[in-house]
Amino acid sequence: MSKPSKIRKLEMEFGSGDQNSTYQAFLEIERRQGEKLMKVDYKPQVSYVYNPLEYAREPHEDYIRKYCKGRKDVIFLGMNPGPFGMAQTGVPFGEVTYVRDWLKVEGVVGKPPQEHPKRIINGFSCTKREVSGYRFWSFFKETCGTPEKFFKHCFVHNYCPLIYMTESSKNVTPPELKGPAKTAVTEICDEAFVDVMKLLKPKVVIGVGKFVKNRITKLLKGGDAKVSAIMHPSPVNPLANKGWKDIVTKELTEIGVLEYFDYK
């Protein structure tokens, strides 16, 4: 008799078939992923590691509880948190005003154990706009009208939940990590995302940016889910600054997922 899969074990822990079991199993996948990632030795390249799954646990869990209900047809997958987005609110692409006023996510945000003086966590009091998050969520607000219509079929998640910084506060993305640290992070995040796929069973996975698309293409090769990508809305991308909304509308039309957004 074969051993039960990890996802089956999660379902056995929390029960299966209802909305509570889905979000609780999802949080358990993330918890285990975060614990493993925090044990990786990132030095000397990385001096500061922020884990918003811990210090921003309340709003993060509120987001999961509200919007990760049952299986999803489409998953949008980002790379890792931005310093003025998920780092502050615990929500992927978590620009403060959209998280608070549109997604209606709430919760107390604490502090990482070691905080860089140039990357202070102010939670919902953060006044610096996360441009990527603003572009991302404003597009779906305009497209869907309400979060409920968007999340009826879709979900937004990050491949890696941690933020990495050098001693000078320079951001280090997962693909920029080196040596054993990069190998460990890739293995841990790959494993966690495969678990997410088994739990949510999406038909389409859309990488926000090329790195994520390339990563999930390798992971899901031969599977049933369609893998695609949209342009990252980052302001460091000159093309995104010339009209990201029009570009992403065209991309989503070509991918064939507009039907899932339950237009207003």
Side-chain angles (χ1 to χ4, degrees), residues 63 67 72-89 91-99 102-103 128-145 147 149-151 153-164 170-177 186 189-190 193 196-197 200 202-221 225-264:
Y63 166 73
Y67 300 119
K72 298 291 182 178
D73 291 304
V74 182
I75 292 180
F76 288 88
L77 190 67
M79 180 167 55
N80 73 317
F84 307 107
M86 186 173 174
Q88 304 291 339
T89 63
V91 176
F93 295 95
E95 197 273 335
V96 170
T97 57
Y98 274 90
V99 171
W102 192 58
L103 298 179
K128 188 171 178 62
R129 170 163 286 174
E130 176 86 349
V131 176
S132 295
Y134 176 83
R135 287 174 174 170
F136 185 88
W137 290 117
S138 65
F139 174 83
F140 288 110
K141 180 182 180 182
E142 184 176 331
T143 302
C144 304
K149 287 185 177 180
F150 173 75
F151 287 103
H153 299 287
C154 305
F155 191 63
V156 184
H157 180 52
N158 273 331
Y159 173 75
C160 177
L162 305 189
I163 307 163
Y164 306 109
K170 182 182 181 296
N171 189 47
V172 180
T173 63
E176 292 173 331
L177 292 170
T186 300
C189 293
D190 281 358
F193 187 66
V196 167
M197 289 291 297
L200 300 186
K203 297 176 182 176
V204 184
V205 182
I206 300 175
V208 184
K210 292 181 180 179
F211 165 75
V212 181
K213 190 223 174 175
N214 293 339
R215 191 72 238 141
I216 57 181
T217 296
K218 293 179 181 179
L219 273 179
L220 305 181
K221 186 176 181 180
K226 177 181 178 180
V227 177
S228 196
I230 58 173
M231 178 184 289
H232 199 287
S234 171
V236 302
N237 181 350
L239 290 177
N241 295 331
K242 294 180 180 179
W244 183 80
K245 174 186 169 183
D246 292 336
I247 294 169
V248 80
T249 299
K250 182 174 183 293
E251 290 175 329
L252 291 172
T253 301
E254 292 173 349
I255 295 168
V257 294
L258 290 181
E259 63 183 292
Y260 292 119
F261 299 156
D262 202 14
Y263 284 121
K264 58 182 177 181

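Keep in mind that this is a model prediction, so the values were computed, not measured. Heavy atoms only: backbone and side chains are in, while hydrogens, waters and symmetry mates are out.
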Would a 4.5 Å heavy-atom cut-off, applied to side chains only, mark Cys154 and Ile75 as touching? no
Any residue meeting side chain to side chain donor-acceptor pair (under 3.5 Å) with Thr186, in chain and number order, not counting sequence neighbours: none
Tyr98 and ring-ring contact (aromatic ring centres under 6.0 Å, His included): which single residue from Phe93, Tyr134, Tyr63 fits? Tyr134
Considering residues at least two apart in sequence or located in another chain, which fulfil the side chain to side chain donor-acceptor pair (under 3.5 Å) criterion with Ser138? none
Tell me if a side-chain donor or acceptor on Thr89 pairs with a main-chain N or O of Gly94 at a distance below 3.5 Å. yes
What do you reckon, are the aromatic ring centroids of Phe76 and Phe140 less than 6.0 Å apart? yes
Do Ile247 and Lys242 have side-chain heavy atoms sitting under 4.5 Å apart? no
Close side-chain approach of Ile255 and Ile230, heavy atoms under 4.5 Å: yes
All heavy atoms of Ser234 vs all of Ala240, minimum pair found to be O-CB, 3.7 Å
Report yes or no: does Glu95 contribute a side-chain atom to a donor-acceptor pair with the main-chain N or O of Thr97 at less than 3.5 Å? yes
The reported gap from CG in Asn237 to CE in Met231 (rounded to nearest 0.5 angstrom) is 5.0 Å
Taking Lys149 for its side chain and Thr143 for its backbone only, find out whether a donor-acceptor pair lies under 3.5 Å. no
Full working for side chain to side chain contact (heavy atoms under 4.5 Å, CB included) between Val212 and Asn158: CA-CA 9 Å; Val212 181; Asn158 273 331; over 6 Å; no
Shortest non-hydrogen contact between Phe151 and Leu103, atoms and distance: CE1-CD2, 3.7 Å
Go through the structure and list residues passing side chain to side chain donor-acceptor pair (under 3.5 Å) with Tyr164, not counting sequence neighbours. Tyr42
Does any part of the side chain of Val205, heavy atoms only, come nearer than 4.5 Å to the side chain of Val74, both counted from C-beta? no
Sort out for me which residue in Cys189, Cys160, Pro175, Pro92 forms a side chain to side chain contact (heavy atoms under 4.5 Å, CB included) with Met79. Pro175
In terms of relative ring orientation, are Trp244 and Phe139 parallel, tilted or perpendicular, with 30° and 60° separating the classes? perpendicular
Counterpart residues, ring pair (Phe, Tyr, Trp, His ring centres under 6.0 Å), relative to Phe193 (two or more places apart): none
Determine whether Glu251 and Thr253 satisfy the following criterion, side-chain hydrogen bond (donor to acceptor under 3.5 Å, both in side chains), listing intermediate values before the conclusion. CA-CA 5 Å; Glu251 290 175 329; Thr253 301; over 6 Å; no
Atom pair CE/NZ of Met197 and Lys72 - distance to nearest 0.5 Å: 14.5 Å
Within-4.5 Å side-chain heavy-atom neighbours: Lys213 and Ser228: no
Identify, with sequence neighbours excluded, every residue that meets ring pair (Phe, Tyr, Trp, His ring centres under 6.0 Å) alongside Phe211. Tyr159
Do Val131 and Phe84 touch side chain to side chain, with heavy atoms closer than 4.5 Å? no
With Asp73 via side chain to side chain contact (heavy atoms under 4.5 Å, CB included) - residues at least two apart: Arg71, His153, Lys203, Tyr260
Going from CE on Met86 to OG on Ser132, what distance comes out if it is rounded to the nearest 0.5 angstrom? 14.5 Å
Lys/Arg-Asp/Glu bridge criterion (N-O < 4.0 Å) met for Glu142, Lys245: yes
Non-hydrogen side-chain atoms of Pro161 and Asn80 separated by less than 4.5 Å: no
Are side-chain heavy atoms of Ile216 and Leu77 found at a separation under 4.5 Å? yes
